[in-house]
Amino acid sequence: RLEIPRLSFSELVAEGDDAGVLQAAIGHLPETALPWAPGNVVLAGHRDSVFRPLRGIRAGDELRLDTFQRTYWYRVSNFWIVDPGDVWVMAPTDSRSLTLVTCYPFTFIGSAPQRFVVRAVACFDSHGASSLRRAVDDLQGAVSIEQLRSGAVPFLAGGAACSRLLHRYDRQVAHRR
């Protein structure tokens, strides 16, 4: 299930990108990463049904992807309007990311000429503080816990979910002392 709390958005995600899947749910493109693996998880959906609320997405919005294994949190870092042939948005990434793709413009009647793409970067998963360290490591080791606290990494810093994670991390560190 994919959730975007600020938009009160919650939709099922299914494996595949064929017409049957996309008519019933958001589809995970099979050739892209799975949430528990490093790389780019790509989800597609129709603009006139499941992904209609994406017109209200903002940089910094939190996204939650629930799987049978665990829950993964992402923070929107970018969005683009691209041509259908611009498949670079689905290319693998070095860090954990989530890409949402739908047709654009949202109000276009007929076959839409462009695609609306949202990129979100992993914030943490339901395994807690160790996941924050993995997310930091995925950023090529360039970010520390202190930088997160200071807001030096805006797409990870702040937000209620990330604040809770930093609090949990602090408690684990204090407990070990």
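Each residue takes its place number in the sequence, starting with 1.
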For this session: For the pair Tyr104 and Phe106, name the ring-plane relationship: parallel under 30°, tilted 30 to 60°, perpendicular over 60°.
Result: perpendicular
Exercise. His28 side chain to Asp17 main-chain N or O, any donor-acceptor pair under 3.5 Å?
Worked result: no
Problem set entry | Between CD on residue Gln114 and CZ on residue Arg47, distance to nearest 0.5 Å | 11.5 Å
Exercise. Side-chain contact, heavy-atom cut-off 4.5 Å: Trp36 with Val41?
Worked result: no
Exercise. Side-chain contact, heavy-atom cut-off 4.5 Å: Val13 with Leu65?
Worked result: yes
Exercise. Nearest heavy-atom pair of Val21 and Ile26: which atoms, and what distance?
Worked result: CG1-O, 4.4 Å
Exercise. Out of curiosity, does Leu29 fall in the hydrophobic cluster containing Leu34 (side-chain heavy atoms, cut-off under 4.5 Å, transitive links)?
Worked result: no
Exercise. Can you tell me if CD on Glu15 sees more than 12 non-hydrogen neighbours from other groups inside 6.0 Å?
Worked result: yes
Exercise. Regarding Ser10 and Arg1, is there a side-chain donor-to-acceptor distance under 3.5 Å anywhere?
Worked result: yes
For this session: May I ask you to check whether Thr32 and Asn40 show a side-chain donor-acceptor distance below 3.5 Å?
Result: no
Exercise. Do the side chains of Pro84 and Cys103 get nearer than 4.5 Å, heavy atoms only?
Worked result: no
Exercise. Can you check side chain to side chain contact (heavy atoms under 4.5 Å, CB included) on Asp66 and Glu3, steps first, answer last?
Worked result: CA-CA 8 Å; Asp66 290 319; Glu3 296 184 1; 4.0 Å; yes
Problem set entry | 4.5 Å side-chain heavy-atom contact, Arg64 and Leu2 | no
Problem set entry | Heavy-atom side-chain contact between Leu100 and Thr102 under 4.5 Å | no
Problem set entry | Close side-chain approach of Arg6 and Arg58, heavy atoms under 4.5 Å | yes
Exercise. Taking atom NE2 of His46 and atom CZ of Phe51, what is their separation to the nearest 0.5 Å?
Worked result: 11.0 Å
Seminar exercise, completed: Looking only at heavy atoms, the pair that brings Asp83 and Pro113 closest together is OD1-O, 4.4 Å
Problem set entry | Trp80-Val42 co-clustered via ILVMFWY side chain contacts under 4.5 Å | yes
Exercise. Looking at side-chain heavy atoms only, is the closest gap between Trp73 and Thr71 below 4.5 Å?
Worked result: yes
For this session: Check Ala37 against Ala33 and note the closest heavy-atom contact, atom names and distance.
Result: O-CB, 4.4 Å
For this session: Group every Ile, Leu, Val, Met, Phe, Trp and Tyr by side-chain heavy-atom contacts under 4.5 Å, then state whether Val89 and Ile57 land in the same group.
Result: no
Exercise. Taking all atoms of both residues into account, what is the closest heavy-atom pair of Tyr74 and Ala120, and its distance?
Worked result: CB-CB, 3.6 Å
Problem set entry | Joint hydrophobic cluster, Val101 plus Val50, side-chain heavy atoms closer than 4.5 Å | no
Problem set entry | Steps toward side chain to side chain contact (heavy atoms under 4.5 Å, CB included) verdict (Leu54, Phe79) | CA-CA 10 Å; Leu54 286 186; Phe79 42 91; over 6 Å; no
For this session: Decide yes or no on side chain to side chain contact (heavy atoms under 4.5 Å, CB included) for Val118 and Asn78, but give the supporting numbers first.
Result: CA-CA 6 Å; Val118 175; Asn78 296 302; over 6 Å; no
Exercise. Does any non-hydrogen side-chain atom of Tyr72 lie less than 4.5 Å from one of Pro35?
Worked result: yes
Seminar exercise, completed: Scanning both residues in full, the closest heavy-atom pair of Gly27 with Leu22 reads N-CD2, 3.6 Å
Problem set entry | Single-linkage hydrophobic cluster, 4.5 Å side-chain cutoff, Ile81 and Phe108 together | no
Problem set entry | Steps toward side chain to side chain donor-acceptor pair (under 3.5 Å) verdict (Arg119, Thr99) | CA-CA 5 Å; Arg119 174 71 50 87; Thr99 300; 2.7 Å; yes
Exercise. Does Arg96 use its side chain to pair, donor to acceptor, with the backbone of Thr93 at less than 3.5 Å?
Worked result: no
